There are 2 protein chains.
Amino acid sequence: MAGRDYGQYDGVTRALELVGERWALLIVRDLLVGPRRYGELAAGLPRIPSNVLAARLKELQEAGVIRRAPRSRVIVYELTPYGRELEPLVLGLGAWGFKALGDPREEQVVTPDAMTIALRTAFRAQIAASLPATAYAARLGPAELLIRVDGPELDVRRGDGPVDLAFAAGPGIRRLISGELAPRLAIESGVVEVLRGPGELLGRFADTFHLAA
Amino acid sequence: MAGRDYGQYDGVTRALELVGERWALLIVRDLLVGPRRYGELAAGLPRIPSNVLAARLKELQEAGVIRRAPRSRVIVYELTPYGRELEPLVLGLGAWGFKALGDPREEQVVTPDAMTIALRTAFRAQIAASLPATAYAARLGPAELLIRVDGPELDVRRGDGPVDLAFAAGPGIRRLISGELAPRLAIESGVVEVLRGPGELLGRFADTFHLAA
DNA sequence: CCGCATCCCATGTGATACTG
DNA sequence: CAGTATCACATGGGATGCGG
């Protein structure tokens, strides 16, 4: 059984019993990006103790949120359909928490999966639909992401490749996403460093990915 | 400071730092119904230890989610605008958890605030808009609720009063809301007991409040 | 009496070490 | 690589105390 119960009978309480334990929703967040092996999850959650990761994986399985799947000799964890229904909730949490994001503390880490979800959170499909298909390569701290926008579709994966615009940015990119910092200024101030391609495309990026602060 | 941090820099993590601690979202849930005094919160969360309630209230304040407000000699806690932005998330959690709600265990309690939020979760405004304004009095376990639906507007408050339909129900009402149990059968089987008014109105109720299972 | 604070103990968490 | 085992410690749970 998952987390200790609250002694109440209602949907919110039930949900918290299933995914309200510490670390649980961060595991779900990473699995929303794709199936992951135990070690990959551990790498994406650097500060989770291995025993807690093992416990959560067990609980989430019993809750019907994730499942162990054998994939050609290795085990991966993946969301069940019921677990995947958490996507709008996780994205909503991300949008809500984004507004309270200050500057990163020294100890804080940026992981590829977290950034992928952040991009999905900020993605404005209806805006993107009216823009030309564009591919970006973004180096966000230690995360290298290949971002392809095609109409209202978004595809984010790890790695680099041939793209229309490649750029690197630190945490200051938050202010670009929130609209506090104009694309031009982001480049001029060095918050965003254009590696390849025309810098003007950063404007399109900022139009495509936006979250109010 | 709120809960211990996870060492990551992203919106989901930030959100969980602010409202991810045990009991925190249940406090938010109850405050979504209206401002509450300390004792009212404690009554609505029967199993929360007083020290934990006090700690959470302090943390949620520092997180900017709630605020203490003096109301004519007494202190009430209420959501800040930022805290109120959690409403869709809490309702979403409720809808998600509803699907995993089995039958209540012996120890589990039903509180008025939790039921109020459950009704908001299940409310279908667009359906209600096409139905005549209706008032219901529902006795759900120990919770007595006065439910007024007027077009796309829903108002739920405690107490009884003059209504079109008054009924009492046990936890079996879950199956009415999920559509597993037809209104007629609910009455015939005794799951719902009509106290006043025409039983046919229970059909309208079931149309207005619905959550897929 | 309401709004907490204190105390004590059970349990969950965190860091590290260890094993199949 | 994929977990288990161990142990110190922080937090949660329950009862009780107490000042305004």
Side-chain angles (χ1 to χ4, degrees), chain A residues 1-8 13 16-27 30-31 34-63 66-78 107-109, chain B residues 1-8 13 16-28 30-31 34-63 66-78 105 107-109:
Chain A
M1 156 186 57
R4 199 135 18 81
D5 58 289
Y6 290 92
Q8 300 197 8
T13 303
L16 292 177
E17 287 170 0
L18 297 179
V19 295
E21 295 290 296
R22 200 164 158 73
W23 296 104
L25 277 178
L26 294 183
I27 294 172
D30 285 2
L31 291 181
R36 292 286 180 267
R37 304 173 54 168
Y38 185 94
E40 295 173 321
L41 288 170
L45 275 5
R47 308 231 321 214
I48 195 175
S50 62
N51 57 348
V52 174
L53 176 55
R56 291 295 168 273
L57 289 173
K58 210 164 291 178
E59 293 161 3
L60 288 171
Q61 260 178 270
E62 286 164 21
I66 68 175
R67 111 187 95 198
R68 291 175 101 218
R71 283 286 162 71
S72 65
R73 302 206 48 125
V74 296
I75 300 280
V76 298
Y77 295 90
E78 62 185 13
E107 19 139 340
Q108 287 187 314
V109 147
Chain B
M1 151 191 58
R4 200 138 14 83
D5 59 289
Y6 290 93
Q8 299 197 10
T13 303
L16 292 177
E17 287 170 0
L18 296 179
V19 295
E21 294 291 296
R22 199 164 160 74
W23 295 105
L25 278 178
L26 294 183
I27 294 171
V28 171
D30 286 1
L31 291 181
R36 291 285 181 267
R37 303 174 53 168
Y38 185 94
E40 295 173 323
L41 288 170
L45 276 5
R47 307 230 323 214
I48 195 175
S50 64
N51 57 349
V52 174
L53 176 56
R56 291 293 168 275
L57 290 174
K58 210 164 293 180
E59 293 161 4
L60 288 172
Q61 261 178 269
E62 287 164 21
I66 69 175
R67 110 187 95 201
R68 292 176 100 215
R71 283 285 163 72
S72 65
R73 302 207 47 123
V74 296
I75 300 281
V76 297
Y77 294 90
E78 62 185 14
R105 275 163 279 147
E107 20 139 338
Q108 287 187 317
V109 147

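Naming convention: chains lettered A, B, ... in sequence-line order (proteins, then strands); numbering from 1 in each chain. None of the values given here were measured: they were computed from a predicted structure.
- Contact check, A/Arg22 against C/dG14: a side-chain N or O comes under 4.0 Å of OP1 or OP2.
- Of all nucleotides listed (D/dG13, C/dG12, C/dG14), C/dG14 comes nearest to the side chain of A/Trp23.
- Closest to the A/Tyr38 side chain, of the nucleotides D/dA2, C/dG12, D/dG14, is D/dA2.
- To the nearest 0.5 angstrom, A/Tyr6 atom OH is 11.0 Å from B/Arg47 atom CZ.
- Note that CZ of A/Arg22 and CD of B/Glu21 are 6.5 Å apart. Values are rounded to the nearest 0.5 Å.
- Residues passing the side-chain contact (heavy atoms from CB on, under 4.5 Å) test with A/Val52, sequence neighbours excluded: A/Trp23, A/Ile48, A/Pro49, A/Arg56.
- Without hydrogens or angle criteria, B/Gln108 side chain to A/Gly7 main chain gives no donor-acceptor distance under 3.5 Å.
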Grab the N/O contacts between the protein and nucleotides 8-11 of chain C below 3.5 Å, and write none if there aren't any.
none

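- Note: CD (B/Glu107) to P (D/dG13) measures 13 Å, nearest angstrom.
- B/Tyr77 comes within contact range of the sugar-phosphate backbone alone, with a heavy-atom separation under 4.0 Å but no base atom that close.
- Between the C1' atom of C/dC4 and the CZ atom of B/Arg37 lies a distance of 13 Å, rounded to the nearest Å.
- With a 4.5 Å cut-off on side-chain heavy atoms, A/Thr13 and A/Asp5 do not count as touching.
- Rounded to an integer number of Å, the gap from CG of B/Leu53 to P of D/dA15 is 16 Å.
- One interatomic measurement links the two molecules: CD1 of B/Ile48 to C1' of C/dC4, which rounds to 13 Å at whole-angstrom precision.
- Under the side chain to side chain donor-acceptor pair (under 3.5 Å) criterion, A/Glu78 pairs with A/Arg67, A/Arg71, not counting sequence neighbours.
- Computed from coordinates, the A/Glu17 CD to D/dG12 P distance equals 17 Å when rounded to whole Å.
- No engagement by A/Arg73 is indicated, since no non-hydrogen atom pair under 4.0 Å with the nucleic acid exists.
- Between B/Val109 and B/Pro46, the closest heavy-atom pair is CG1-CG, 4.2 Å.
- Axis orientation changes by 30° from one end of the helix from C/dC1-D/dG20 to C/dT19-D/dA2 to the other, with each end axis drawn from 5 pairs and the value rounded to 10°.
- For the atom pair CD (A/Glu59) and CD1 (A/Ile66), the distance works out to 10.0 Å, reported to the nearest 0.5 Å.
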Any N/O pairs under 3.5 Å between the protein and nucleotides 17-20 of chain C? List them or say none.
none

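- Here the P atom of nucleotide C/dG12 and the NZ atom of A/Lys58 are 14 Å apart, to the nearest Å.
- With sequence neighbours excluded, no residue satisfies ring-ring contact (aromatic ring centres under 6.0 Å, His included) with B/Tyr77.
- Under 4.0 angstrom from either OP1 or OP2 of C/dA15 there lies no side-chain N or O belonging to A/Arg47.
- In this structure, CD1 of A/Ile75 is placed 12 Å from C1' of D/dG3, rounded to the nearest angstrom.
- Atoms CZ (A/Arg68) and C1' (D/dC1) sit 13 Å apart, rounded to a whole Å.
- Every residue two or more places apart in sequence or in another chain was checked for a salt bridge (charged side-chain N to carboxylate O under 4.0 Å, His left out) with B/Arg68, and none qualifies.
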Full working for side chain to side chain contact (heavy atoms under 4.5 Å, CB included) between B/Asp30 and B/Leu26: CA-CA 6 Å; B/Asp30 286 1; B/Leu26 294 183; 6.0 Å; no
List the atom pairs, donor and acceptor, that lie under 3.5 Å between side-chain atoms in residues 34-45 of chain A and the rest of the protein, sequence neighbours left out.
unit_1: A/Arg36; atom_1: NE; unit_2: A/Asp113; atom_2: OD2; d: 3.0
unit_1: A/Arg36; atom_1: NH2; unit_2: A/Asp113; atom_2: OD1; d: 2.9
unit_1: A/Tyr38; atom_1: OH; unit_2: A/Ser50; atom_2: O; d: 2.9
unit_1: A/Glu40; atom_1: OE1; unit_2: A/Arg37; atom_2: N; d: 2.6

